[in-house]
Structures are given as structure tokens and as C-alpha cells.
Amino acid sequence: MNAPVITSRQLESYVAGQWARGAGKAVALLDAATGNVVAHIDASGLDMKAMLDHGRRTGGPALRKMSFHERALMLKALGQALMEAKEEFYALSTATGATRTDSWIDIEGGIGTLLSYASKGRRELPNARTLIDGEVEALSRDNSFSGQHILTPLEGVAIHINAFNFPCWGMLEKLAPTLLAGMPAIIKPASQTAYLTELMVRRIIALNILPEGALQLISGSVGDLLDHVDCQDVVTFTGSAATGRKLRSNPSIVENSVRFTMEADSLNAAILGPDAVAGTEEFDLFVKEVAREMTVKAGQKCTAIRRVFAPHRSVEALVKALGDRLVKTAVGNPAEDTARMGPLASLAQRDEVRQRIKDLQRDAEIVIGDPDRPTIVSGDAEAGAFLNPVLLYCDKPASAQAVHDVEAFGPVSTIMPYETIEDAAALARRGKGSLVASVFTNDPVFAREAVQALGPWHGRLLIGNRASAKSSTGHGSPLPGLVHGGPGRAGGGEELGGMRSVKHYMQRTAVQAAPWLLSEVTGRWMQGAKVKQDSVHPFRKSLAELEIGDQVVTAARTVTLEDIEHFASFTGDTFYAHMDEAAAKANPFFDGCVAHGYLIVSFAAGLFVDPAPGPVLANYGVDSLRFLKPVNPGDTLRVTLTCKQINPRQTEDYGEVRWDCMVSNQDAEVVAQYDVLTMVAKTL
């Protein structure tokens, strides 16, 4: 395949609804493989305060008018459109040094994250603008005063300052939860690869899917942007710890207690279990994983394996196996089909990695690779930022320092021996907090001890073995549903993690009020709130007619011993508490035979269900079921069923309705409490 022809151009920023160029001298950005100029970048002179004002006054209000489901559908439309345009992004991505496989992670991985949040938003969030957080807190004995936590979107702007290694994914994985939460964003990509981010943002803006002000872009330095942030803004940063600390100490961020999330350096570790000796499946998987993490994106991943810990007796075999695999890595111009690993992102980055390798050599020796003389299959070894994989070995890691302090952000790892799990964990902790660690073992005892020891120091742990090999996403892949971040050196922040990340852009507020008023505010009925009983059974009402608080109180049904015995015989549930009077009386919780819990639920359904065809389409679940008091033969049951929450679907002709179901006995004591979930048509 021939390399695409790339024409140098001036990158622009998207500021307050307009594309704009900086007023200063633009800096040239070079193709990582050829050294040719790809673009020029400059953002000097742009009005950063105006960007924040535009996001707050235009983008934020427009997003907050939308429900979670509307915003999720917006993300879906955006993701689908970007996927259709992916080949344009792939063509430009080679200039960053990325192979097709590397670019897939960045481009389709980023778009896939966008689509994942679109799907999770519709499944896990209500079609509303306020998110209820947790259960109602009763604040008075007479049920006249209650509390409820809610989450509402912050009214500022999320500023995302991203790293050079993932110009697409780095933007989209932060943008997805930000927009889903209802907050506008300003994207600031790292200059080295900003041309790819700028291209994607151009395509996003041109689609007219996002409301104006929801997304802005800075192509170049942030200037005085952070001097204008306030308590409603959020700043996220991915990059070096030194830069992150500098940004976090900005006076406006400190004085206004601005939320600041940092993902920084990370000396991630991979540990080979004592059972995973040469010849086992786990050993082979370990070798494959370490080699992959060293070579994907030329090792320029925040999650890449930097330290490799192996039992002393396995070190020699591991060095040989890794060496045999790494020397086969074809390094070259990623635009050529022969290349399996591309260059680093820039010549400056290669110089940086070479210096870090020298630092590591204070404690370790190079056993594979020559950082000063790259061997390539295509491209220009001098003009391109090429570097072959480099593997080092440190024989005495307990007394070493550099191997636990220095991160060479490239295709570089160091092997170190250990004796016991305690030794391995102690060495891993020397990294001072990491994004991820992996343990390859088929021994459950070793796995359990490793997780206990490593958990406090890592944001994510991967246990690799033969059972998960085919489906595992690997050591270095952050996933939309799992948190990405880590303690200490890794920055102390969290990203992704499903709805956890959405809540990062929202304010949690405790609301206290009379239950009826609190119910009106939150859109969820609670005990003590208003109810309405009329001649129409709630199950006869469509979503258009149904209201929160609609209630039916059923007739009563007496539970007999024959009912209990029949249910036991019919279901096969002959647990002694239902069948043996003497044994049941010996149980401290019962006073003789009791009804099955599911018999109570079944009788309750028989009492509250309106059986004729109508707007209720299906029962799809029961939440929070609790049996609060035993039911004995002769007890009489009655059900109070109340419409608790209505959640219409955005694109379907039905919605979900949550019903509060309270089953009580003849003494008005609650014997069972739970939520019934139904699908209800919007109209009859």
C-alpha cells in the first residue's frame, strides 16, 4: 500500500462557533515516519475566556434541556456517523506513527466507547434530566420529612487536556460521559498529533448533531484558559505527572476547588505466577502479552507493561522467549504493509526514550535491542522516530531505584526476578501507584493473594490464564464499563467505569422536604407522598394517563395450610419451615409452619393484577424484594400497589413503570415489600 499524500496546512481552533487561527508563529508538526511536515499549529491570541463563556451560556443550557435518553441518542448518531467516516481518519493516522492495528484502537476504539455510552445511557439512566442517587432517607418517625440524594449537571465547562498517544480515543472516552451528563466540553489535544483530533472535530461539527457550544477545540497552547475556571467547571488531564501537578496548582483551580482529574505516569507491572513455568499455557500467554504491550503503539500507552516480574527460576526462559518474539517485530513506516510496529510520535519523543533507557541502565542491562541503531523494514531511520523494542534485566530489583522510578514511554520493559508473592507485591508497590497490573497464573491461591496485595496500589487488575485467553481484552485495554485511573503516581483520578464517569460531571445534592413535595421534585413516589385512588385500575391506564401516585388497594386473601402444602408440592420447595410444624417452631424466626416467600409474591400478583388485555405489556422484573414478617396459615394478605416512577422510552411506543408493592397482613403489618417493573404502552 502506498503512503497517502498529506498536504501541510494550518490547524484551526473551534472557538465560540467559529473556526479560528492563532495570531502567532505556527509550529510545524512532522510525520513520525518520514519527517515530512503534516501541519502547522498555533493557538496564541485566541480568547480563552470567550470559549468558557460560550460553553456556559450556549452549550450548557442546550444540553441540559435534553434528557439523558436524548443525549444518549445524540451520542449514538454521532458514533454511527464517525464510523462511516473512519477511513479518512485511518489515512491521516499513519502520520502519528500508528499502524492499522494501532489506529484501530484509537479510532474505532474511541468511536466504540462513544457508542457504548450511548447504549448504557439508554439502558441504565432514566429518560429524565435529574438522576436519583440511592434510596429515600426517612428523617422523621411520622414519615412527614424525608431526604433524597439527586445528581444534576454542573453548569460549567469540562476542559479535557489530552495526551499525544491517542488523539481520537483520548478525546472520545472523555467526551462521551461529559455530553451524556449534560455538560459542554473544550478539547485540548497534545500538539504532536493534534492534526488527527482536529480532523475528527471538524467532521463532528459539520454533522450538526451536537448543539452549538457543546464542543470547542484548542489547537495549540491553552494560554490563560485555566485562569478563568470556576467551581462549576471540570478539568481533566492526561500526560506527565510534572505537567499535571503544575496545572493542578493553578490559583483559579485551587481557589475555586475545581474538580481536577489527572492520569499521569504509570510503571505498570506484569507478574508471572510460580505455576506458569515454561511449557505451560500461562507462560506462553504471558510472553505474548508482554511483547504485545511493548510493541502496540510502539509502547506509547499509559497502560503499557514497564516492569516484568518473574520467579527466579523462570527468568532465563522468559528472556529467551521474549527475545525470540521481539526480534521478529518488523519496525517501519506504518503506511507500508510490511511494518508491524511504527515509530514513536516524534524525534523529540525518541530522544526522550533513549535518555530514559540510559537512566534505567543504572540498575539494569540491555538484553534485547539497540536503542541507538534502529533496524527497520521501511521508512527513514534518521528522519523517522524509529526505535526497536528494548528489553532490560535487573538482577537485584529490591535494592534498585531507577527501574521503579523511570518510565521510558516507548517499546521498553525491564524483567526482574522475585521469590514470593510478598516480594512481587513489594516490588510492584515501588511504582508508587499504577493504572494496571496483570497476574498470569492458573493457581487460585496465588491469584487471590496477588489481588489482595496489589489492589490498593492499582486502578485495574487483570488475571490472565488459559480459561480467559480467547475472550480477554488484555492488560493494556481500558474498557468503557471499567474504571481507568490509578492512585499515587498514576494521578489519583478515575475515568470511564460506565455511569461512574457520568456522575463526575454532575453535582450530588441532598434534598430534604415533605415526602409529597420531594416526590414532585424528583419524579419518584415515596412513602408519605400523595396518592390517588379512583375507579380506574392503574393497569388500565397508558403512560399518557398514568400519574405518579396512582394507587390501588386490593381485596384480601387468607392464606391456608392447604395453600402452603399445595405450593410446596407444585413447586418442589418442601423446605422444613413450610412442612414440619415442630421443626419450624424450633427455628428462632418462626412460630410454626410459614408460607413460602414466593407464595406471598404470587398471591400478591393475583390480588393486584388486572387480567384483561390493555396498556400493560409485560412484567420484566422485581427489585429490592424483602420478606419482613412471617406469614402463617390463617393470616390475611392485602396489597397496596402505587405507581412509583414513569420512564418513557425516547424512540419506542412504550415505557417502563416502577410500582411500589407493599403486602400487609390483617394487623396492617408489612410482610413483604418490593418494586414491580412493567412495560406500559404510551397510548391505548
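- Of the inter-residue distances, the one linking Leu78 atom CG with Ile204 atom CD1 reads 5.0 Å to the nearest 0.5 angstrom.
- A side-chain contact (heavy atoms from CB on, under 4.5 Å) with Leu387 holds for exactly one of Val353, Asp370, Val331; it is Val353.
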Inset, instruction - With side chain to side chain contact (heavy atoms under 4.5 Å, CB included) as the test, would you mind laying out the steps for Arg340 and Thr99 before giving the verdict? - result: CA-CA 7 Å; Arg340 292 294 175 267; Thr99 64; over 6 Å; no
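- Looking only at side-chain heavy atoms (C-beta outward), Ile366 and Pro371 come within less than 4.5 Å of each other.
- The heavy-atom pair separating Thr34 from Asn333 by the smallest distance is CG2-ND2, 3.8 Å.
- For the 3.5 Å distance criterion, the side chains of Ser346 and Gln192 qualify, holding a donor opposite an acceptor.
- Here CZ of Phe237 is found 14.0 Å from NE2 of His160. Values are rounded to the nearest 0.5 Å.
- Residues Glu108 and Tyr90 bring a donor and an acceptor atom of their side chains to less than 3.5 Å of each other.
- In this structure, Asn268 and Ala304 approach most closely via the heavy-atom pair ND2-O, 2.9 Å.
- Although no hydrogens or angles enter the test, the distance criterion places no donor-acceptor pair under 3.5 Å between the side chain of Arg306 and the main chain of Val406.
- Side chain of Ser434 to backbone of Val436: no donor-acceptor contact under 3.5 angstrom is found.
- Contact check for Leu196 versus Cys168: side-chain heavy atoms found under the 4.5 Å cut-off.
- Among all heavy-atom pairs drawn from Thr329 and Met341, the shortest one is CG2-CB, 3.8 Å.
- Listed here is the closest heavy atom pair of Gly213 and Pro184: O-CB, 3.4 Å.
- Note that NE2 of His40 and CG of Leu29 are 8.0 Å apart. Values are rounded to the nearest 0.5 Å.
- Thr96 and Ser93 make their closest contact through OG1-O, 2.6 Å (heavy atoms, listed as atom of the first residue, atom of the second, distance).
- The closest donor-acceptor contact from the side chain of Ser378 to the backbone of Gly332 lies at 3.5 Å or more, if one exists at all.
- Looking at Ile187, Thr178, Ile209 one by one, the single match for side-chain contact (heavy atoms from CB on, under 4.5 Å) with Leu215 turns out to be Ile187.
- Note that the CE atom of Met51 and the CG atom of Leu225 stand 7.0 Å from one another [nearest 0.5 Å].
- For Glu316, the CD atom is loosely surrounded, since the number of other residues' heavy atoms within 6.0 Å does not exceed 12.
- Atom NZ of Lys288 sits in a sparse spot, with 12 or fewer heavy atoms from other residues, nucleotides or ligands closer than 6.0 Å.
- For the atom pair CG of Leu217 and CE of Met200, the computed distance is 12.5 Å after rounding to the nearest 0.5 Å.
- Side-chain contact between Lys432 and Leu267 is absent, with no heavy atoms from C-beta onward closer than 4.5 Å.
- With a 4.5 Å cut-off on side-chain heavy atoms, Val483 and Leu496 do not count as touching.
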Inset, instruction - Check step by step if side chain to side chain contact (heavy atoms under 4.5 Å, CB included) holds for Ile159 and Ile218. - result: CA-CA 10 Å; Ile159 300 168; Ile218 299 174; over 6 Å; no
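- Note: Ser438 OG to Ile271 CD1 = 7.5 Å, rounded to the nearest 0.5 Å.
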Inset, instruction - Check step by step if side chain to side chain contact (heavy atoms under 4.5 Å, CB included) holds for Met171 and Val201. - result: CA-CA 10 Å; Met171 170 180 66; Val201 171; 3.6 Å; yes
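- For Lys297, the salt bridge (charged side-chain N to carboxylate O under 4.0 Å, His left out) criterion is met by no residue, not counting sequence neighbours.
- Arg203 pairs in a salt bridge (charged side-chain N to carboxylate O under 4.0 Å, His left out) with only one of the listed residues (Glu87, Glu84, Glu88), which is Glu88.
- In summary, Glu352 and Arg356 engage in a salt bridge, as defined by a charged side-chain N under 4.0 Å from a carboxylate O.
- Looking at Ile105 and Trp169, their side chains never come closer than 4.5 Å, going by heavy atoms from C-beta outward.
- A donor-acceptor contact shorter than 3.5 Å is absent between the side chain of Tyr505 and the backbone of Leu179.
- Between His484 and Leu435, the closest side-chain pair of non-hydrogen atoms falls below 4.5 Å.
- Atom CH2 of Trp19 has more than 12 neighbouring heavy atoms from other residues, nucleotides or ligands inside a 6.0 Å radius.
- With a 4.5 Å cut-off on side-chain heavy atoms, Thr238 and Thr236 do not count as touching.
- Between the Asp42 side chain and the Arg21 main chain, no donor and acceptor come within less than 3.5 Å of each other.
- Taking 4.0 Å as the cut-off between side-chain N and carboxylate O, Asp324 and Lys328 do not count as a salt-bridged pair.
- In this model, a donor atom of one side chain and an acceptor atom of the other lie less than 3.5 Å apart for His404 and Arg307.
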Inset, instruction - Test salt bridge (Lys or Arg N to Asp or Glu O under 4.0 Å) on Glu198 and Arg202 and set out the steps. - result: CA-CA 6 Å; Glu198 193 242 30; Arg202 279 189 178 277; 3.2 Å; yes
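- The pair Asp224-Lys49 does not count as a salt bridge, with every side-chain nitrogen at least 4.0 angstrom from each carboxylate oxygen.
- Between Tyr393 and Pro417, some side-chain heavy-atom pair lies under the 4.5 Å cut-off.
- Counted by atom type alone, Ser103 and Asp106 present zero donor-acceptor pairs between their side chains at under 3.5 Å.
- Side-chain contact check for Glu495 and His504: no donor-acceptor pair (N or O, by modelled atom type) lies under 3.5 Å.
- Using a distance-only test at 3.5 Å, with no hydrogens or angles considered, a donor-acceptor pair links the side chain of Ser249 to the main chain of Arg245.
- Remark: the backbone N or O of Asn36 is not paired with any side-chain donor or acceptor of Asp31 at under 3.5 angstrom.
- In this structure a side-chain-to-backbone donor-acceptor pair under 3.5 Å is present from Ser219 to Glu12.
- The nearest pair of heavy atoms linking Leu344 to Phe409 is CD2-O, 4.5 Å.
- Between the side chain of Gln349 and the main chain of Ala385, no donor-acceptor pair closer than 3.5 Å is present.
- Glu263 places no side-chain N or O within 3.5 Å of a backbone atom of Gly493 that could act as its donor or acceptor partner.
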Inset, instruction - Take Val296 and Thr101, measure what side chain to side chain contact (heavy atoms under 4.5 Å, CB included) needs, and give me the verdict at the end. - result: CA-CA 8 Å; Val296 169; Thr101 300; 5.5 Å; no
